[in-house]
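Chain letters run A, B, ... following the sequence lines, proteins first, then strands; residues in each count from 1. None of the values given here were measured: they were computed from a predicted structure.
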Protein chains: 2
Amino acid sequence: MARRSDHSREQLQQMAISAAIAILNEHGVAGLSARKVAKSIGYTVGTLYLVFKNLDELLLYVNAATLDDLQRAIMQEANVHTDPAQILKTMALAYLRYAQQHSARWSLLFSHRLPANQPIPAWFEQKITSVFDGVKMPLQQLHPELNESALLQATRELWSGVHGACDLGLSDKLNLGGRFKLEELIESFVENYLFGFAKSKGIA
Amino acid sequence: MARRSDHSREQLQQMAISAAIAILNEHGVAGLSARKVAKSIGYTVGTLYLVFKNLDELLLYVNAATLDDLQRAIMQEANVHTDPAQILKTMALAYLRYAQQHSARWSLLFSHRLPANQPIPAWFEQKITSVFDGVKMPLQQLHPELNESALLQATRELWSGVHGACDLGLSDKLNLGGRFKLEELIESFVENYLFGFAKSKGIA
DNA sequence: TAATATTCTGAACACTGTTTAATTTGAATA
DNA sequence: TATTCAAATTAAACAGTGTTCAGAATATTA
């Protein structure tokens, strides 16, 4: 295993991922390039392609790290309250705050598409499921009688709304006209959905 | 007003916009470039920059056209039913179908960001508001007692969910695991939200 | 030390958005 | 009609992009 520098492939990968995240935070998605990442870790572009199949693969790992981060940010605020509905509202606001404070990473996470016909790896899908599971828990606490299937669907419905509001809101496509704050809209949405979900299932 | 060809600036703009849309439909967002658009209308790149400030401006007009198209697609299906709730469900499914059938244009509409600090033009915001107004109408029919402000917010809440479900669903980030169809999830979401909205307002 | 395998670079390729000097062109003027 | 002049258009250039790969540099093995 001859190597010029003293960085293993794994180290090199991790260095590149960290460098990419730093560039994203400082210069946004448009400011990111393979050469800049390479330069930032003291290597040439070619080396990057020795460790990643292509730039899309690097971005996939960056997004995976963002997903971990995002989950941490959401779950951190989850234990502040005991009321499940209150927990879900707090998680939704944490989701929004993360998107606001890490706009470039958040934007990349949802705008990046793998080349056509290349499916999302199973380990990445698992990370997504894991985030949803964090949302599912308080929802289950709220409705213990629901089966796994109904719970899974309700989680997706609820979080689609939270995500959609963040996506449209942060790209100025909600046209609230300054009359409402995005935080209020999201809180109100969660309340309304939870209320309707309970009622339509004949609960509460 | 000497001109070499017989295309006015306005004609040139419209030709470029149409060409860009055609390229998007055929080769996706990644297949679009200034040179390809120029070549497609029989001109050189430089001419494009005589008519548009930059590529972002061209894409803005493309997105405006998509917004018009999208609204038409939604409103077209709106008059099939008389029940407002049914209308809203049909509109949501039309939104999904448009996103599926015009994935590149839909994707560009929501992923394209103008350069930093450059605000969305008022005429473009008006188009967004106009789409929301189409959703607002059946919602008002459903709840005539609501004031303009509450109606506006409910419209945004409802459509955030529809949009979020389409966005996540079509990029394989909902992880439904093949257990549910996206159409069913969206229909169920609209039902649940409408139910909860009515109940939380002390109506119905 | 010599042979071999791995790491890494530098240069190239085809592309991108954008700018601008030079040219072509049509129309107005003399 | 010939000349002038301004607008339309191009071609070429610039700096950047993702990606590849022959060859140089380095470490391990014999």
Side-chain angles (χ1 to χ4, degrees), chain A residues 1-17 19-20 23-24 26-63 104 107-108 111-118, chain B residues 1-17 19-20 23-24 26-63 104 107-108 111-118:
Chain A
M1 301 289 181
R3 67 175 47 96
R4 189 145 145 188
S5 178
D6 29 22
H7 295 122
S8 71
R9 277 208 166 81
E10 288 73 23
Q11 281 177 310
L12 237 50
Q13 285 194 35
Q14 206 47 61
M15 288 163 65
I17 293 167
I23 293 173
L24 278 174
E26 274 198 64
H27 305 101
V29 180
L32 186 70
S33 79
R35 281 179 180 82
K36 284 179 189 163
V37 170
K39 185 168 195 174
S40 161
I41 64 172
Y43 283 83
T44 317
V45 228
T47 305
L48 228 53
Y49 285 81
L50 219 87
V51 160
F52 297 104
K53 201 171 121 275
N54 48 36
L55 194 69
D56 280 318
E57 195 183 62
L58 168 55
L59 296 186
L60 187 74
Y61 287 115
V62 168
N63 283 341
S107 182
L108 182 70
S111 71
H112 181 246
R113 310 271 128 112
L114 289 176
N117 299 349
Q118 192 175 329
Chain B
M1 301 287 182
R3 65 176 46 97
R4 186 142 145 194
S5 178
D6 28 23
H7 295 123
S8 71
R9 278 207 167 84
E10 288 72 24
Q11 280 178 313
L12 237 50
Q13 285 195 32
Q14 205 48 59
M15 287 163 67
I17 293 168
I23 293 172
L24 278 173
E26 273 198 64
H27 305 100
V29 180
L32 186 70
S33 79
R35 280 179 180 80
K36 284 179 190 162
V37 171
K39 186 168 194 172
S40 161
I41 63 172
Y43 283 84
T44 318
V45 228
T47 304
L48 229 53
Y49 284 82
L50 218 87
V51 160
F52 297 105
K53 200 170 121 275
N54 48 35
L55 194 69
D56 281 317
E57 195 183 63
L58 167 55
L59 296 186
L60 187 74
Y61 286 115
V62 168
N63 283 341
S107 183
L108 182 70
S111 71
H112 180 248
R113 309 270 129 114
L114 289 176
N117 298 349
Q118 192 175 329

Earlier contact from the 5' end, DNA chain C, for A:Thr47 and B:Gly31: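 Checking each residue's closest nucleotide, the 5'-ward one belongs to A:Thr47.
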
Can you find a heavy atom in the side chain of [X] that is under 4.5 Å from one in the side chain of [Y]?
X       : Y       : result
B:Ile17 : B:Phe52 : yes
B:Leu12 : B:Met15 : yes
B:Arg35 : B:Leu48 : no

Side chain of B:Tyr43 - closest among C:dT18, D:dT10, C:dC8: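 Given the options C:dT18, D:dT10, C:dC8, the side chain of B:Tyr43 is closest to D:dT10.
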
In this structure, how many angstroms lie between the [atom2] atom of [N] and the [atom1] atom of [X], rounded?
X       : N      : atom1 : atom2 : value
B:Lys53 : C:dT19 : NZ    : C1'   : 14 Å
A:Ile23 : D:dT17 : CD1   : C1'   : 14 Å
A:His7  : C:dC8  : NE2   : P     : 9 Å
B:Leu50 : C:dT23 : CG    : C1'   : 14 Å
A:Phe52 : D:dT19 : CZ    : P     : 12 Å
B:Leu60 : C:dG17 : CG    : C1'   : 17 Å
A:Asn54 : C:dC15 : CG    : P     : 18 Å
A:Leu48 : C:dG10 : CG    : P     : 15 Å

Sugar-phosphate, base or nothing in reach of B:Ser33, heavy atoms under 4.0 Å: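 Sugar-phosphate contact only.
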
Gap between atom OG1 of A:Thr44 and atom NZ of A:Lys39 - 0.5 Å precision: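 So the gap between those two atoms works out to 11.0 Å.
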
From CG (A:Leu50) to CD (A:Gln13), nearest 0.5 Å: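 Going from the CG atom of A:Leu50 to the CD atom of A:Gln13 covers 11.0 Å.
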
Donor/acceptor link under 3.5 angstrom from B:Arg35 side chain onto base of C:dT18: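 Answer yes: a donor N or O sits under 3.5 Å from an acceptor.
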
Closest-nucleotide ordering on DNA chain D, the 5'-leading residue of A:Leu55 and B:Thr44: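 Per heavy-atom nearest nucleotide, the more 5' residue is B:Thr44.
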
Please determine whether a side-chain nitrogen or oxygen atom of [X] lies at a distance below 4.0 Å from atom OP1 or OP2 of [N].
X       : N      : answer
A:Arg9  : C:dT6  : no
A:Tyr49 : D:dT20 : no
B:Lys36 : C:dT16 : yes

